[in-house]
Amino acid sequence: MHPLISAVSFSSDRTLLPARNMIRLNDILDKVSSYNPGADLDVIRRAYVFSAKVHQGQIRLSGEPYLIHPMEVAAILAELKLDVQTVATGLLHDTLEDTLTTYEELETIFGVEVANLVDGVTKISKIHFKTKEESQAENFRKMLLAMANDIRVILVKLADRLHNMRTLQYQPEVKQRSIAKETLDIYAPMANRLGISWIKSELEDLSFRYLSPNLYYDLASKVAMKKKERESYVQEVMEIISKKLVDHGIRGDVSGRSKHLYSIHNKMESRNVDIDEIYDLIAIRVLVDDIRACYEVLGIIHSTWKPIPGRFKDYIAMPKSNMYQSLHTTVIGPFGERMEVQIRTTEMHRVAEAGIAAHWKYKEGKGYDERDVKRFAWLRQLLEWQQELQDSQEFMNTVKVELFPEEVYVFTPKGDVKGFPKGATPIDFAYSVHTDIGHRCVGAKVNGKLVPLKYEMKTGDIIEVITSPHHTPSKDWLKLVKSTRARNKIRTWIKTEERKRSIVLGREICEKEFRRYSLTFGKLQKSGELKRAATEFGFVGEEDLMAAVGYGKLSCNQILGKLLSEEKLAETREQKETRVSKVLGRLTKKSSSAIQINGVDDVLVRFGKCCNPVPGDEIVGFITRGRGVTVHTADCAFALESDPERRVDVTWNRAKQTALPVKIRVSCHDQKGILAGIAQVIANCEANIASATVQSTLDKKGINLFEIDVTDLDHLNRVMNSIMKVQGVIKVERLKS
């Protein structure tokens with residue numbers, strides 16, 4: 001091999017888990033010594049002995065000694081090149097939870113640092129993410145607080161979860177799916193946000209394997225069928241690149257790898273194509289010594305093969321928020337095949353693989369390096385928001401935005417770079433400058449040209465905001481913005497304005513109603529009776545009380561019940577029907593509603609057409625003045641954007657069965673008789689087709705939209721699973737809008 005080319009390698013598919021030899025203590029110690037020659041290995045040795053002692057006799061579901069698990073966790077942490085305290089924590093992470101060990105005992109033997117790390121991991125281990133928004137939000141808050149004390153806690157937890165996922169086959173099937181879903185929803189995105197790409201990829205593939213086993217193994221077999229062909233192709237490409245590097249005097253490592261199964265599956269889903277139509281299954285990676293060489297290699301690649309327009313990304317000039325840096329380009333390689341080439345320095349590659357762990361400079365007693373803290377401003381921001389956002393749905397919406405960032409990078413007129421979630425608009429940009437700039441934004445210029453506020457910013461755009469001193473935010477802006485900051489600022493402004501209006505309206509209603517009982521609002525204020533009533537209802541002051549009336553969450557009659565005796569109230573009611581009675585009369589009806597509101601089932605109820613909830617869905621209700629309560633699914637975009645003050649708890653009334661409409665989309669091959677087969681299956685499942693729209697595409701596919709009436713979520717799932725079994729059907733999905 002030429003001296004300039006230090007490595008040429010191909011990483012083949014890891015569709016199924018390779019057999020792993022049992023890890024030994026010396027393997028861990030050797031690994032730690034390789035990246036930290038001066039490490040105090042005695043801490044790890046003592047942790048091993050202690051863990052072996054307290055876990056003695058404990059057996060995993062696989063039948064292996066329990067000690068294997070903490071050993072594997074410590075090995076993963078050593079792979080991340082973490083300090084001895086963290087590796088020792090990997091060996092001890094289950095001692096507080098699964099043995100009689102106490103915090104004080106750990107502190108005495110291993111010191112306060114290790115004891116705190118083990119305690120932090122133990123607290124996270126007790127968190128179980130549910131589907132309920134409330135408990136999920138609360139659990140995520142706990143995780144964030146644990147991370148705030150020491151981010152190494154989450155690194156240990158990720159290592160713990162990775163090994164548990166590697167041995168998930170020993171769990172019951174129901175638990176496999178539950179753990180896999182939690183991993184895909186929470187831990188894989190967290191690994192990605194922390195920049196640890198290999199853990200993120202493995203967690204995604206393992207979750208995919210247990211959540212959709214048929215799809216997983218089918219895709220794995222299709223990928224494996226062309227393995228030799230791909231390896232031969234990649235070897236040829238790598239040799240061409242290697243020769244080009246030598247010719248230009250550039251020192252570098254060239255390697256090739258197959259993309260992981262979950263990412264291939266996502267591409268197939270998003271593009272609605274089969275694997276044969278996914279061309280860029282291979283990524284070629286070139287590692288060089290410095291940034292200048294990166295751009296030289298890019299020039300070589302583009303002069304050798306034709307680049308595909310729009311598929312070049314410069315993450316060196318504009319790094320991702322998780323510190324990732326690299327040049328990405330897709331070219332038409334040999335034999336007309338598309339291939340992705342990634343070019344980065346060795347240091348950039350280290351960061352790409354290990355993320356925050358690559359930058360870990362933890363000094364005993366000194367906390368972490370301030371430069372590393374700045375790299376994770378998003379985490380600090382999340383910690384601040386978890387304190388500010390009391391509403392659980394708002395908080396979880398914020399978390400989702402921060403954990404799944406697809407970012408675009410734009411420039412200010414002065415040339416500063418700002419990053420935003422994909423799909424962000426000039427409104428997001430305006431709020432990133434200053435809250436007042438956002439509130440007063442009326443338009444924007446992009447690259448010198450006027451654009452509407454709904455314009456989606458693209459990487460490289462130069463944004464200039466146009467403001468007006470008399471302009472205020474619109475509720476419609478919530479549909480346009482993508483950044484958490486902009487969303488929160490708009491919501492805060494809307495809540496403030498709606499609260500002001502509700503206070504005025506509540507006072508008007510109360511003043512009018514009080515007069516019927518010969519009461520004066522002003523006198524009740526001065527005497528303190530109104531404040532006493534507010535306190536009895538759990539409000540801080542009179543304004544909160546009036547706001548509740550204005551929102552429709554509290555009736556004036558309820559307040560009068562605190563101010564007057566029952567005799568006085570009954571006497572006045574007999575004389576004249578009150579205004580509130582009339583309103584309640586309009587809002588109530590004796591119906592067969594499938595919804596209960598605080599145990600009452602005779603309130604006028606409507607179902608949101610934006611999400612079409614059915615029994616079994618998590619739901620939430622919203623008070624609408626004069627029109628009763630509208631019910632939405634808990635994850636409906638409208639529900640997430642609506643004012644929490646108007647929210648009421650609603651539950652399904654299981655005693656009442658009502659057929660409700662729901663929309664589904666069926667993608668299939670365009671073949672004779674398939675529509676009749678789908679319709680027959682729906683009828684066999686005792687579901688009525690209310691409407692149907694059928695469309696053929698140019699690539700011989702069929703897109704069928706059905707509105708069907710079902711009794712509950714189980715009924716819907718039964719229908720969808722039956723449709724999936726029809727030969728020629730590719731995909732069945734429920735539409736929420």
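Starting from 1, each residue takes its place in the sequence as its number.
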Do [X] and [Y] make a side-chain contact, defined as non-hydrogen atoms from C-beta onward lying under 4.5 Å apart?
| X | Y | result |
| --- | --- | --- |
| His69 | Asp94 | yes |
| Val73 | His93 | yes |
| Ile179 | Arg161 | yes |
| Leu716 | Thr711 | no |
| Thr435 | Arg485 | yes |
| Val729 | Val666 | yes |
| Trp493 | Thr472 | yes |
| Thr183 | Tyr210 | no |

Could you tell me whether [X] and [Y] make a salt bridge, using a distance below 4.0 angstrom between a side-chain N and a carboxylate O?
| X | Y | value |
| --- | --- | --- |
| Arg166 | Glu202 | yes |
| Arg499 | Asp544 | yes |
| Arg177 | Glu173 | no |
| Lys454 | Asp476 | no |

Nearest-0.5 Å distance, [atom1] of residue [X] to [atom2] of residue [Y]:
| X | Y | atom1 | atom2 | answer |
| --- | --- | --- | --- | --- |
| Asn214 | Leu219 | CG | CG | 12.5 Å |
| Leu480 | Glu456 | CG | CD | 9.5 Å |
| Met724 | Asn717 | CE | CG | 13.5 Å |
| Phe706 | Thr693 | CZ | OG1 | 9.0 Å |
| Leu168 | Ser178 | CG | OG | 9.5 Å |
| Leu261 | Leu215 | CG | CG | 11.5 Å |

Practice item. Step by step, work out the salt bridge (Lys or Arg N to Asp or Glu O under 4.0 Å) result for Asp712 and Arg718. Key: CA-CA 10 Å; Asp712 57 27; Arg718 204 160 61 245; 5.6 Å; no

For [X] and [Y], work out which heavy atoms get closest and say how close.
| X | Y | value |
| --- | --- | --- |
| Ile427 | Val481 | CG2-CG1, 3.6 Å |
| Leu184 | Ser207 | N-OG, 3.7 Å |
| Ser722 | Cys685 | OG-SG, 3.4 Å |
| Phe539 | Ala548 | CZ-CB, 3.6 Å |
| Pro426 | Leu453 | CD-O, 3.6 Å |
| Pro473 | Trp477 | CA-CZ3, 3.7 Å |

Practice item. Could you verify whether a donor N or O on one side chain and an acceptor N or O on the other, from Asn164 and Arg60, lie under 3.5 Å apart? Key: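 Note: Asn164 and Arg60 side chains meet the donor-acceptor criterion.
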
Check your understanding: Does any donor atom in the side chain of Arg209 or Tyr217 lie under 3.5 Å from an acceptor atom in the other side chain?
Key -> yes

Exercise for review: Could you give me the CA-CA distance, side-chain angles and deciding distance for Leu155 and Ile196, then say whether side chain to side chain contact (heavy atoms under 4.5 Å, CB included) is met?
Suggested key: CA-CA 10 Å; Leu155 297 177; Ile196 314 171; 3.6 Å; yes

Practice item. List the steps and the verdict of ring pair (Phe, Tyr, Trp, His ring centres under 6.0 Å) for His632 and Phe607. Key: CA-CA 6 Å; His632 296 268; Phe607 293 96; 9.8 Å; no

Check your understanding: Would you find more than 12 non-hydrogen atoms of other residues, nucleotides or ligands less than 6.0 Å from Gln558 atom CD?
Key -> yes

For the backbone of [Y] and the side chain of [X], can you confirm whether one donor and one acceptor N or O come within less than 3.5 Å of each other?
| X | Y | result |
| --- | --- | --- |
| Asp617 | Thr633 | no |
| Gln176 | Gln171 | yes |
| Asp160 | Val156 | no |
| Ser432 | Phe429 | yes |
| Ser212 | Phe208 | no |

Point to revise | From CA spacing to verdict: side chain to side chain contact (heavy atoms under 4.5 Å, CB included), Ile559, Met546 | key: CA-CA 10 Å; Ile559 297 173; Met546 292 303 103; 4.2 Å; yes

Review point. Between His669 and Ile730, is a side chain to side chain contact (heavy atoms under 4.5 Å, CB included) present by the stated rule, with each step listed?
Key: CA-CA 7 Å; His669 295 291; Ile730 301 169; 3.8 Å; yes

Study note, to complete from the structure: Paired with His715, the side-chain contact (heavy atoms from CB on, under 4.5 Å) test is passed by just one of Leu660, Val662, Val710, Ile708, namely Val710

Study note, to complete from the structure: From the list Asn704, Ile703, Val732, side-chain contact (heavy atoms from CB on, under 4.5 Å) partner of Cys668 resolves to Asn704

**Study point:** side-chain hydrogen bond (donor to acceptor under 3.5 Å, both in side chains) partner of Tyr431, the single match among His439, Lys489, Arg487
**Key:** His439

Review point. Should Lys701 and Ser667 be marked as a side chain to side chain contact (heavy atoms under 4.5 Å, CB included) after you check the CA-CA gap, both sets of side-chain angles, and the distance that decides it?
Key: CA-CA 7 Å; Lys701 298 279 194 327; Ser667 303; over 6 Å; no

Check your understanding: Do the two ring centres, one from His265 and one from His260, sit under 6.0 Å apart?
Key -> no

